[in-house]
Amino acid sequence: MPVTTPARTALELARHLTRDEAVPILDQLAAVTGVDYRQAAALATRYRGARGVGRAWTALALMDGGTRSPKETALRLSLIDGGLPAPRTSIVLGSGPTAVDLGMGWDDARVAVSHYESFEGSVVQRIRRQELIQQLGWFEIEVVDAHSPMSVVRRARNALLRRRR
């Protein structure tokens with residue numbers, strides 16, 4: 001028996017948690033339920049006098065159902081906090097069995113940033129993947145946990161500057 005709507009759950013999470021605590025959960029909620037900013041914002045407007053609603057706007061505005069994990073959300077927030085435009089998430093290049101899923105990126109510059117827990121598959125598969133990405137005109141920045149957020153932002157900023165010339 002449902003006791004709340006996804007939009008109401010999103011608002012309550014955003015009201016009661018810090019931005020960095022709320023956004024990864026909001027991203028997963030959006031991915032699972034399809035709730036979006038517009039739906040949650042309508043409730044925030046309706047309850048604008050409630051405690052924490054002022055703070056909730058920031059987290060709700062950052063909600064994105066395209067991220068695949070809390071680490072990917074943290075990566076996205078690092079890029080935004082580093083002054084870069086919000087990237088589009090879950091970019092799929094190609095189609096069928098050769099399709100490549102990139103974590104996030106900027107279509108205009110064809111720059112992607114992908115977080116890897118580990119590099120699964122063979123070296124041959126990885127090389128084929130990189131070749132396809134390059135053939136389609138994209139540049140991918142691969143990120144693992146050992147990379148500092150500052151270094152990832154620097155790498156992304158440099159790639160965007162080079163590709164937008």
Side-chain angles (χ1 to χ4, degrees), residues 10 13-14 16-38 40-41 54-165:
L13 289 166
H16 296 288
L17 299 174
T18 67
R19 182 199 81 154
D20 290 345
E21 292 170 332
V23 175
I25 300 168
L26 292 171
D27 282 359
Q28 295 304 303
L29 179 67
V32 171
T33 67
V35 67
D36 63 18
Y37 171 78
R38 186 179 80 309
R55 172 179 61 213
W57 287 104
T58 301
L60 293 174
L62 292 167
M63 180 172 51
D64 184 322
T67 56
R68 297 171 291 198
S69 71
K71 288 183 180 182
E72 196 169 271
T73 296
L75 173 59
R76 184 172 59 86
L77 291 176
S78 293
L79 294 167
I80 293 167
D81 291 346
L84 297 176
R88 181 169 71 93
T89 56
S90 292
I91 300 168
V92 178
L93 302 181
S95 61
T98 60
V100 175
D101 187 13
L102 303 171
M104 64 194 76
W106 300 270
D107 294 290
D108 64 325
R110 294 187 178 200
V111 171
V113 180
S114 297
H115 180 268
Y116 290 93
E117 294 288 331
S118 64
F119 291 105
E120 296 179 7
S122 72
V123 173
V124 172
Q125 288 172 322
R126 185 145 176 244
I127 291 170
R128 283 188 188 141
R129 182 181 190 284
Q130 283 301 317
E131 285 175 346
L132 178 61
I133 291 168
Q134 290 172 1
Q135 286 171 2
L136 295 171
W138 282 75
F139 175 75
E140 180 185 38
I141 299 167
E142 298 176 335
V143 178
V144 295
D145 290 343
H147 291 123
S148 73
M150 191 168 42
S151 73
V152 175
V153 169
R154 179 182 42 77
R155 290 167 59 201
R157 180 177 289 115
N158 289 341
L160 287 168
L161 289 172
R162 279 193 314 271
R163 303 282 298 213
R164 287 180 171 157
R165 286 185 187 164

I need the [X] [atom1] to [Y] [atom2] distance, nearest 0.5 Å.
{"X": "I133", "Y": "R110", "atom1": "CD1", "atom2": "CZ", "value": "12.5 Å"}
{"X": "D145", "Y": "L75", "atom1": "CG", "atom2": "CG", "value": "10.0 Å"}
{"X": "L84", "Y": "R157", "atom1": "CG", "atom2": "CZ", "value": "5.0 Å"}

With no hydrogens and no angle check, is any side-chain donor or acceptor of [X] less than 3.5 Å from a backbone partner on [Y]?
{"X": "T73", "Y": "P24", "answer": "no"}
{"X": "D64", "Y": "D27", "answer": "no"}
{"X": "R155", "Y": "V143", "answer": "no"}
{"X": "W106", "Y": "L160", "answer": "no"}
{"X": "S114", "Y": "E142", "answer": "no"}
{"X": "R76", "Y": "L62", "answer": "yes"}

Compare every heavy atom of [Y] with every heavy atom of [X], then report the nearest pair and how far apart it is.
{"X": "H115", "Y": "V144", "answer": "NE2-C, 4.4 Å"}
{"X": "R164", "Y": "A109", "answer": "CG-CB, 3.7 Å"}
{"X": "A40", "Y": "L60", "answer": "CB-CD2, 3.7 Å"}
{"X": "G65", "Y": "A30", "answer": "CA-CB, 3.6 Å"}
{"X": "V113", "Y": "A156", "answer": "CG2-CB, 4.4 Å"}
{"X": "I91", "Y": "G105", "answer": "CD1-N, 3.4 Å"}

Min side-chain heavy-atom separation [X]-[Y] under 4.5 Å:
{"X": "S78", "Y": "V152", "result": "no"}
{"X": "P85", "Y": "L79", "result": "no"}
{"X": "R19", "Y": "D81", "result": "yes"}
{"X": "M63", "Y": "V35", "result": "yes"}
{"X": "E140", "Y": "V100", "result": "no"}
{"X": "L132", "Y": "L93", "result": "no"}

| query | What do you reckon, is CZ of R128 surrounded by more than 12 foreign heavy atoms closer than 6.0 Å? | reply |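 It does not: R128 CZ has 12 such atoms or fewer within range.
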
| request: Would you kindly say whether S69 and E72 are connected by a side-chain donor-acceptor distance under 3.5 Å? | output: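 Per modelled atom types, S69 and E72 side chains form no pair under 3.5 Å.
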
| request: Check step by step if side chain to side chain contact (heavy atoms under 4.5 Å, CB included) holds for L26 and L13. | output: CA-CA 8 Å; L26 292 171; L13 289 166; 4.1 Å; yes

